[in-house]
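First the structure, in the form of structure tokens, and then the observations on it.
Naming: A, B, ... by sequence-line order, numbering from 1 per chain. No experiment lies behind these values; they were computed from the predicted model shown.
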4 protein chains.
Amino acid sequence: MQFNKETPIYIQIKDVVYNAILSGEYCGGERIPSIRDMAVSLEVNPNTVTRTYAILQEEGVIENQRGLGYFAVENAKDVVLNQMKDEFLTVEVPLFFSKMERLGIPMEKITTLYSEPKKWRKT
Amino acid sequence: MQFNKETPIYIQIKDVVYNAILSGEYCGGERIPSIRDMAVSLEVNPNTVTRTYAILQEEGVIENQRGLGYFAVENAKDVVLNQMKDEFLTVEVPLFFSKMERLGIPMEKITTLYSEPKKWRKT
Amino acid sequence: MQFNKETPIYIQIKDVVYNAILSGEYCGGERIPSIRDMAVSLEVNPNTVTRTYAILQEEGVIENQRGLGYFAVENAKDVVLNQMKDEFLTVEVPLFFSKMERLGIPMEKITTLYSEPKKWRKT
Amino acid sequence: MQFNKETPIYIQIKDVVYNAILSGEYCGGERIPSIRDMAVSLEVNPNTVTRTYAILQEEGVIENQRGLGYFAVENAKDVVLNQMKDEFLTVEVPLFFSKMERLGIPMEKITTLYSEPKKWRKT
DNA sequence: GTGGTCTAGACCACC
DNA sequence: GTGGTCTAGACCACA
């Protein structure tokens, strides 16, 4: 897999797991790939995956069962979704608004852009 | 001055200069504080300011006159504004949109929040 | 290594890397010496090499892979060659010509000198 | 007057004087502008002109007559011309040739460029 | 006075 | 191990 050079790889891997959970690929209670497998499939050092899993565990998104591997928690999807939504609405959105104002960009400009997906969507 | 610990100081100083230009404190053609003065007033090592000024010069926002110091370019304000606007609309806005979609937040939610400044404005 | 005192060391290191790339010592995609190793072998402070590598990266000649080191880009040789050629033909050659004219030296004089390598070649 | 930002101003002033001598504006034995006048007309600090004149005097191109000012030496034009020619042919030309070779640029390319003045002449 | 460069040494994040 | 950042302090060229 290709990684962005600016943000740490272990963060980008976190996003990979997040997306897999949100998309339903990893369902609540199910086992997720072992550190080793994940490292191989992403062509990354296992230490890096270890770091990601440790963070996810601390966040309560996955759990470790000794000898069996890592599992998504029962309500993983909700946990992730709520956490991200909350952070987005209370932190990122205000920053976004204040930058808009500083640059003198009106809300209409934003909504217009949004209604023309080809302008911003990669897929 | 207090600096955020996460982003490099020389980047934060860049923003300081940017804001001073946008606010009209440093006008086009005028001299900006010498590296040493700036370093003292920000309580930072001169090398760090040197780095910031080098970047700003490369960006075409300030110029050096040998032995005299650095000067804001004639149309500094426009240069900064356009540069920031461009980066915002082509990089940050698309990221913002795609995160919105991933979290299933509709555009209406955003516009509603925007029309209630008390919810996001600090001042 | 010995450095010319007039031009900055970090520029001279840049030339060292350029030549290593042109000579095929550093091939496209290969890793180049770490900052510390390079600093030791050139008997220079690591900071100085850091500066050189930063410039080369900005020029698109080398890339960084986090935690692994710097790598010559795939087509490094071409990039360097084109860059140098372009700069030579558009900057140095015109300066050369105008100086020739100012000194009243005819082109024939130059071509004659060129055809007698012993007059100018060191080897 | 506009100065190039890269090379020291006192060097550029030296070129100004050189050119004035080569063009016959300052003839052998004649007085050249005082330091003060020169500084005013070039919009430069007098110290800078002082430095230039000191160098020119050391090179034997101008002389100082106490209380009267600076004068171009009798055969100033020859002195300058020979000096520049010599330095050009023994230093710059060899460097030029070796760079040509390193970049794989044939002599024909150079002569072709030379015969198309619009490509390199500013005037 | 100005900036430009370099060294020495330190701390940190990342892999 | 890797590079990225920062500090402290020095020397130099330039105006």
If you count the non-hydrogen atoms of other residues, nucleotides and ligands that lie under 6.0 Å from CZ in Arg36(D), is the total more than 12?
no
Pairs under 3.5 Å (Watson-Crick or G-U), crossing ones as [ ], inter-strand ones as |: DNA chain E comes out as ||||||||||||||.
Asp86(B): what forms a side chain to side chain donor-acceptor pair (under 3.5 Å) with it, not counting sequence neighbours?
none
Near DNA chain F, under 4.0 Å by heavy atom, which residues of residues 39-56 of chain B?
Val44(B), Asn45(B), Asn47(B), Thr48(B), Arg51(B)
Is any side-chain heavy atom of Met38(B) closer than 4.5 Å to one of Thr52(B)?
no
By nearest heavy atom, map Lys5(B) and Gln57(B) onto DNA chain E; which one lands nearer the 5' end?
Gln57(B)
Shortest side-chain distance from Asp37(B), nucleotide among dT5(F), dG3(F), dT2(E):
dT2(E)
Heavy-atom check, side chain of Asn64(C) versus side chain of Lys5(A), under 4.5 Å
no
Donor/acceptor link under 3.5 angstrom from Arg36(C) side chain onto base of dG1(F)
no
Among the candidates dC14(E), dC6(F), dG3(E), find the nucleotide nearest to the side-chain atoms of Ile9(B).
dC6(F)
Once you measure the plane-to-plane angle for Tyr53(A) and Tyr70(A), does it fall in the parallel (<30°), tilted (30-60°) or perpendicular (>60°) bin?
perpendicular
Residue-phosphate contact under 4.0 Å: Tyr10(B) side-chain N/O, dT5(F) OP1/OP2
yes
First encountered from the 5' end of DNA chain E, between Pro33(B) and Thr7(C)
Pro33(B)
Would a 4.5 Å heavy-atom cut-off, applied to side chains only, mark Arg102(D) and Asn19(C) as touching?
yes
Ile35(B) side chain: which of dC6(E), dG4(E), dT2(F) is closest?
dG4(E)
Figure out the CZ/C1' separation between Phe3(C) and dT5(E), and round it to whole Å.
13 Å
Nucleotide of dC15(E), dT2(F), dA15(F) approaching Arg66(B) most closely (side-chain heavy atoms):
dA15(F)
Would you say Tyr70(C) reaches dG1(F)'s phosphate, i.e. side-chain N/O to OP1/OP2 under 4.0 Å?
no
